[in-house]
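In listed order, ligands and their atoms are each counted from 1.
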Amino acid sequence: MYKLYSMQRSGNSYKVRLALALLNAPYRAIEIDILRGESRTPDFLSKNPSGQVPLLEVAEGRYLAESNAILWYVAGGTSLAPETRIERAEALQWMFFEQHALEPNIGAAYFWLSLVRGGRDLQTHALEDWMERGYAALQVMENHLKTHEYFATGQLTVADIALYGYTHLADRCDYDLATFPAIRGWLRRVEQTPGFVSMDWRPGAEIDDAAGMAAEA
Ligand SMILES: N[C@@H](CCC(=O)N[C@@H](CS)C(=O)NCC(=O)O)C(=O)O
């Protein structure tokens with residue numbers, strides 16, 4: 001069974017939880033609170049030198065970081081992973097786009113406006129750029145979705161999961177999706193997928209936290 005180091009309110013972590021839920025794959029979740037420095041302890045850094053979640057233990061002592069790499073790993077051989085060479089490359093194209101155009105802007109705005117108390121005042125200089133670049137990324141997605149139901153193929157794949165992670169949080173951090181009807185339709189389609197779970201959903205009894213792990217040790 002996988003062991004997933006994740007933070008409930010992290011969009012990058014949620015992408016992996018969503019994929020595992022859609023695949024009905026059992027896993028053990030360990031909550032890491034990045035705001036309390038839990039991803040920067042010597043123990044965590046020995047597992048992931050980047051000091052970030054999500055992190056998946058795929059086998060005893062073997063760790064995989066980077067949400068989109070994890071998505072490809074868990075989705076391998078399933079309907080969430082496109083089959084043809086061109087579709088795989090198109091999925092990757094959108095997943096790179098997510099990491100350089102969407103996540104650094106909407107992800108940063110979400111972190112500072114939604115998770116950090118007083119974050120708006122601390123980041124006034126950066127917020128304008130995040131809004132402008134975030135809206136530019138949303139427009140690229142909107143243009144694609146005007147003529148496509150999903151991103152890489154005619155069905156939901158890892159590319160949609162990657163992009164859903166922060167797009168669905170946009171309205172929690174100042175972005176207004178009113179002028180993006182195609183994105184709103186796509187968000188609804190993703191949410192109607194059998195097995196879909198929201199970011200707040202927890203895998204029940206399987207969830208653990210760092211304190212629980214320490215108590216066990
Ligand atoms: N490119 C990475 C980004 C991961 C990332 O930024 N994780 C954040 C939470 S969403 C984190 O762990 N931040 C803690 C830190 O950097 O100290 C991915 O897609 O997994």
Test your reading of the structure: does [X] have an N or O sitting under 3.5 Å from an N or O of ligand 1?
{"X": "Q99", "result": "yes"}
{"X": "S50", "result": "no"}
{"X": "K15", "result": "no"}
{"X": "Y166", "result": "no"}
{"X": "I34", "result": "no"}

Do E57 and Y5 get their side chains close enough for a donor-acceptor pair, meaning under 3.5 Å? no
Hydrogens and angles aside, do N143 and Q139 bring a side-chain donor and acceptor to less than 3.5 Å of each other?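 Judged by distance alone, the side chains do pair up.
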Taking the six-membered ring for Trp, are W94 and F97 parallel (under 30°), tilted (30 to 60°) or perpendicular (over 60°)? perpendicular
Give me the ring orientation class for F180 and Y135: parallel if the planes are under 30° apart, tilted from 30 to 60°, perpendicular past 60°. parallel
Residues R85 and E90 bridged, charged N to O under 4.0 Å: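 No.
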Presence of salt bridge, D174 and R120, under 4.0 angstrom: yes
Taking the non-hydrogen atoms of P54, is any one of them nearer than 4.0 angstrom to ligand 1?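 So P54 counts as touching ligand 1.
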Report yes or no: does N68 have a heavy atom closer than 4.0 Å to ligand 1?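 No heavy atom of N68 comes that close to ligand 1.
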For [atom], find the nearest protein heavy atom and state the residue, atom name and distance (0.1 Å precision).
{"atom": "atom 8 (C) of ligand 1", "result": "V53 O, 3.7 Å"}
{"atom": "atom 6 (O) of ligand 1", "result": "Q52 NE2, 3.5 Å"}
{"atom": "atom 20 (O) of ligand 1", "result": "S67 N, 2.8 Å"}
{"atom": "atom 16 (O) of ligand 1", "result": "R40 NH2, 2.9 Å"}

Can you list the ligand 1 atoms lying under 4.0 Å from a non-hydrogen atom of [X]?
{"X": "S10", "result": "9 (C), 10 (S)"}
{"X": "E66", "result": "1 (N), 2 (C), 18 (C), 19 (O), 20 (O)"}
{"X": "S39", "result": "14 (C), 17 (O)"}

Does the gap between the ring centers of Y175 and Y166 come in under 6.0 Å?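 Y175 vs Y166: aromatic centres not under 6.0 Å.
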Determine, for Y150 and R189, whether the Lys NZ or Arg CZ falls below 6.0 Å from the six-membered ring centre while staying within 45 degrees of the axis. yes
Has D33 got a side-chain atom pairing as donor or acceptor with E38's backbone, closer than 3.5 angstrom? no
